[in-house]
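Indexing begins at 1, ligand by ligand and atom by atom, following the structure's order.
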Amino acid sequence: MIQVRVHALSDECAQIRSLELRSVDGAPLPAFSAGAHVDVQLPGGLIRQYSLCNAPHENHRYVIGVLHAPDSRGGSRAVHALQAGDMLEISAPRNLFALHPQPVHSLLLAGGIGITPLLAMAEHLAAQGAPFALHYAARSAAHAGFLQRLAQAPWAAQVHLHFDDGPAQQRLDMPALLAAAPADSHLYVCGPAGFMAHVLEAGANAGWEQARLHREYFGAAPAQAQALAVTSFEVQIASSGQVFTIPAEQSIAQVLDQAGVFVPVSCEQGICGTCLTPVLEGVPEHRDQFLSFEEHARNDQMTVCCSRARSARLVLDL
Ligand code: FES
């Protein structure tokens, strides 16, 4: 873990606060790439993931943006209570939402607080001279954070704002956007589940392969995953042969933790991938947003914090 100090806080709009984090001793922070996030250990023992939204070439600070969600499970409330000078422990940056390595045209699609990783992507692409457009959708200008930074960026001409309460001609028109994108463009989307579903469905309908549709979820699992029936099943540990029954009200990770079988977890929502575990036998029921459609279809690994089983037993490579 890295110890950092809250150097500055800034309200980016009524609901979004950005925090600038610097190392305690002034030493450079570990490098990061656009789309990376850090795990932040918050007061009360909570761990939350936040995307880094400053330019990836900076090594003197990390900037995160946090939405004050009315239905917060504690994370955003704890962040919004922080003051300048407070100390925090964070992980080194990890990137589960990286840009395609080739300098292809990038369409960056942000909904609400999902703007944060895309800010870092826009900074990186602009610095590389790579072509991109950033489309930022929000309920209204008052709900959109970082508008001043976007307006003052050297790449401001590549930013397109879409407000639900604005005139019809500025609304996000995904079919038109996709049709006008150069061939082989890659799309990156982050935002609320409904926004992401809309964007990804438009991409699929337009015939874009999944490999060109990059996504990062930042909230709890989409409603359809939550609504799936929950039943008990068995999990076998390959190395020891131990078999555990996973009851309907507990996750695999919780049962294994109680039995002393170590599995690292962080978000416990199927977002971060920390608990990813190889599957040797059985068919998982994937409930995460971390793995891609193709990775789900292979059924050879699963997030044990939230995913369950379609078969009566799973054998895990632990
Ligand atoms: Fe984050 Fe399981 S702990 S995906």
Side-chain angles (χ1 to χ4, degrees), residues 1 32 35-42 44-52 64 66-67 69 72-76 78-79 89-98 113-114 116-117 189-193 196 200 214-228 230 233 235 237 244 246-280 282-310 314-318:
M1 298 294 274
F32 71 97
H37 71 270
V38 291
D39 295 348
V40 179
Q41 186 125 30
L42 293 165
L46 294 166
I47 297 178
R48 291 288 180 268
Q49 287 73 37
Y50 295 107
S51 298
L52 300 179
I64 59 174
V66 182
L67 175 71
S72 162
R73 297 190 310 150
S76 75
V79 172
E89 289 216 318
I90 63 172
S91 70
R94 287 189 298 165
N95 201 340
L96 307 172
F97 188 41
I113 187 62
T116 51
V189 59
C190 185
M196 295 187 61
L200 294 170
H214 309 266
R215 69 210 69 188
E216 182 161 80
Y217 291 89
F218 60 81
Q224 74 271 21
Q226 304 281 23
L228 291 171
V230 180
F233 57 95
V235 161
I237 305 302
F244 300 100
I246 313 298
E249 67 279 6
Q250 282 191 295
S251 70
I252 300 174
Q254 286 169 336
V255 171
L256 296 185
D257 180 56
Q258 284 164 8
V261 179
F262 177 70
V263 179
V265 293
S266 181
C267 72
E268 297 183 69
Q269 297 180 79
I271 298 167
C272 72
T274 303
C275 66
L276 205 58
T277 302
V279 177
L280 300 176
V283 182
E285 181 181 275
H286 298 287
R287 297 185 172 202
D288 63 283
Q289 292 92 56
F290 175 73
L291 297 170
S292 66
F293 295 128
E294 292 81 4
E295 288 167 329
H296 280 166
R298 287 205 290 272
N299 286 328
D300 59 356
Q301 53 183 344
M302 68 186 296
T303 54
V304 293
C305 67
C306 62
S307 295
R308 301 188 68 83
R310 288 183 189 277
L314 297 172
V315 181
L316 301 180
D317 191 8
L318 286 170

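Side-chain atoms of Gln250 and Gln258 include a donor-acceptor pair closer than 3.5 Å.
Of the possible donor and acceptor atoms, none in the side chain of Thr303 sits under 3.5 Å from a partner among the backbone N and O of Cys306. Looking at Thr277, its side chain does come within 3.5 Å of a backbone N or O of Cys275 through a donor-acceptor pair.
Under the 4.5 Å side-chain criterion, counting only non-hydrogen atoms from C-beta, Ile252 is not in contact with Arg308. A heavy-atom distance below 4.5 Å is not found between the side chains of Val235 and Val255. Contact of the Arg94 side chain with the Cys272 side chain is registered, since non-hydrogen atoms from C-beta on lie closer than 4.5 Å.
Within the sub-2.8 Å shell of atom 2 (Fe) of ligand 1, the protein contributes these N/O/S atoms: Cys275 SG, Cys305 SG.
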